[in-house]
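A short write-up of the structure that comes next.
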Protein chains: 2
Amino acid sequence: MSRSNTGVTVEREPAAPIGEPAAPCPVREVLERVSGKWSIQIVIAAAPGPIRFTELERAIEGISRRMLTLTLRSLERDGLIERTVYPTVPPKVVYTLTDPARELYESFLQLMEWAERNRAQITQARRRYDTEATREPLPVS
Amino acid sequence: MSRSNTGVTVEREPAAPIGEPAAPCPVREVLERVSGKWSIQIVIAAAPGPIRFTELERAIEGISRRMLTLTLRSLERDGLIERTVYPTVPPKVVYTLTDPARELYESFLQLMEWAERNRAQITQARRRYDTEATREPLPVS
DNA sequence: CGGCATCCCCCAGGATACTG
DNA sequence: CAGTATCCTGGGGGATGCCG
């Protein structure tokens, strides 16, 4: 094991020179957190309260069992989610957001509200742009 | 031109049934906006005011001329950035954020602040997780 | 139920070169 | 200066199968 390719961008940094507090650039950090296809969706789904594996699977449209596990591990690793196992039969596992994750959720809400506010405008702009005769030479075949 | 492969996820939707206002799910929208490697970085760089192509290129560490162009077009298409050409010689082009983009920028700031506030915690959690004898560290590069 | 392990595909995006 | 046009790759992530 342990050499499987994938892993929700699980990579060690190029090892900053010495004991450097590492890169300050928060943009990258945010992107790493947020730009995966599933991380925030899990955070969002878990925001209302502790949630089980299967519930997550059903709540998040289109996620595969594989990516769910992978992403959960990644979130757990970063201390954003807590995994609790009830050693019953059959097994029961619940995932709970930590405080940082809850803050992340709040901040992300801003973005979603932005998207909602501007959905129409953007769609329109896009349509306009696409139909502008300017380009689209419809060249030789 | 016009059908070159790549393009910052420039694809026509699978054509919603009719004149549907399309999907409501804002998460996806946000991710599409934000999860590219460069979109928000451009927005951030352009936030202080109109900025030229080359200035962007220098401001955004690691971006290629190609991706800069591509991402700019994508932002322009969605009405987030405005392109102004001064027909001088040599040519001069400036890019300016639109209001929606400025709002996006503001919202994104929240996320960056979150990242800064929690940087230490996360790094720590990660280190702890990786050194927990239980499992060996997730793949190293 | 809650996962790992494999195999494989696709496309975002890097490198490079040419142009008005 | 401000782009365009090709060519090519890496790794994110889907599909599938097996296990305690």
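Below, all heavy atoms of this structure are taken into account, side chains as well, without hydrogens, waters or symmetry copies. The sequence lines fix the lettering, A, B, ..., with proteins before strands; numbering per chain opens at 1.
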Touch class at under 4.0 angstrom, heavy-atom based, for Tyr86(B) against every strand present: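 Answer is nothing: Tyr86(B) stays at 4.0 Å or more from every strand.
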Sugar-phosphate, base or nothing in reach of Arg52(B), heavy atoms under 4.0 Å: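 The residue Arg52(B) makes sugar-phosphate contact but no base contact.
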Joint cluster assignment, Ile51(A) & Val85(A), ILVMFWY side-chain distance < 4.5 Å: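 Yes, same cluster.
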No-H, no-angle donor-acceptor pair, Arg66(A) side chain to dG13(D) base, under 3.5 Å: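 Pair found.
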Whole angstrom is fine here: how far is it from [atom1] in [X] over to [atom2] in [N]?
X: Phe53(B); N: dT19(C); atom1: CZ; atom2: P; result: 18 Å
X: Leu31(A); N: dA12(C); atom1: CG; atom2: C1'; result: 14 Å
X: Ile63(A); N: dA15(D); atom1: CD1; atom2: C1'; result: 15 Å
X: Met67(B); N: dA2(D); atom1: CE; atom2: P; result: 19 Å
X: Leu70(A); N: dA5(C); atom1: CG; atom2: C1'; result: 11 Å
X: Tyr95(A); N: dG2(C); atom1: OH; atom2: P; result: 8 Å
X: Glu76(B); N: dG3(D); atom1: CD; atom2: C1'; result: 13 Å
X: Leu68(A); N: dG13(D); atom1: CG; atom2: P; result: 13 Å

Phosphate OP1/OP2 of dG14(C): any Ser64(B) side-chain N/O under 4.0 Å: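 So the side chain of Ser64(B) is within the cut-off, an N or O lying under 4.0 Å from OP1 or OP2 of dG14(C).
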Nearest-nucleotide comparison on DNA chain D, the residue closer to the 5′ end among Pro90(B) and Thr69(B):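 Checking each residue's closest nucleotide, the 5'-ward one belongs to Pro90(B).
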5' precedence on DNA chain D between Arg65(A) and Pro91(B) (nearest-nucleotide basis):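 It is Pro91(B), whose closest nucleotide lies nearer the 5' terminus.
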Of the options [options], whose atoms approach the side-chain atoms of [X] most closely?
X: Lys37(B); options: dG14(C), dG13(D), dG2(C); answer: dG14(C)
X: Trp38(B); options: dG2(C), dG13(C), dC4(C); answer: dG13(C)
X: Arg73(A); options: dC4(C), dG14(D), dA2(D); answer: dC4(C)

For Asp78(B), the option from Arg126(A), Arg128(A), Arg127(A) that meets salt bridge (charged side-chain N to carboxylate O under 4.0 Å, His left out):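 The passing option is Arg126(A).
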Inter-residue atom distance Glu82(B).CD - Glu76(B).CD, 0.5 Å rounding: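 With rounding to 0.5 Å, CD (Glu82(B)) is 8.5 Å from CD (Glu76(B)).
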Could you list the donor-acceptor pairs under 3.5 angstrom formed by side chains in residues 97-106 of chain B, with sequence neighbours left out?
unit_1    : atom_1 : unit_2    : atom_2 : d
Thr98(B)  : OG1    : Gly79(B)  : O      : 2.8
Thr98(B)  : OG1    : Leu80(B)  : O      : 3.2
Arg102(B) : NH2    : Leu97(B)  : O      : 2.8
Glu103(B) : OE1    : Arg117(A) : NE     : 3.3
Glu103(B) : OE1    : Arg117(A) : NH2    : 2.9

Worked verdict on Glu113(A) versus Phe108(A) for side chain to side chain contact (heavy atoms under 4.5 Å, CB included): CA-CA 9 Å; Glu113(A) 281 162 20; Phe108(A) 196 83; over 6 Å; no
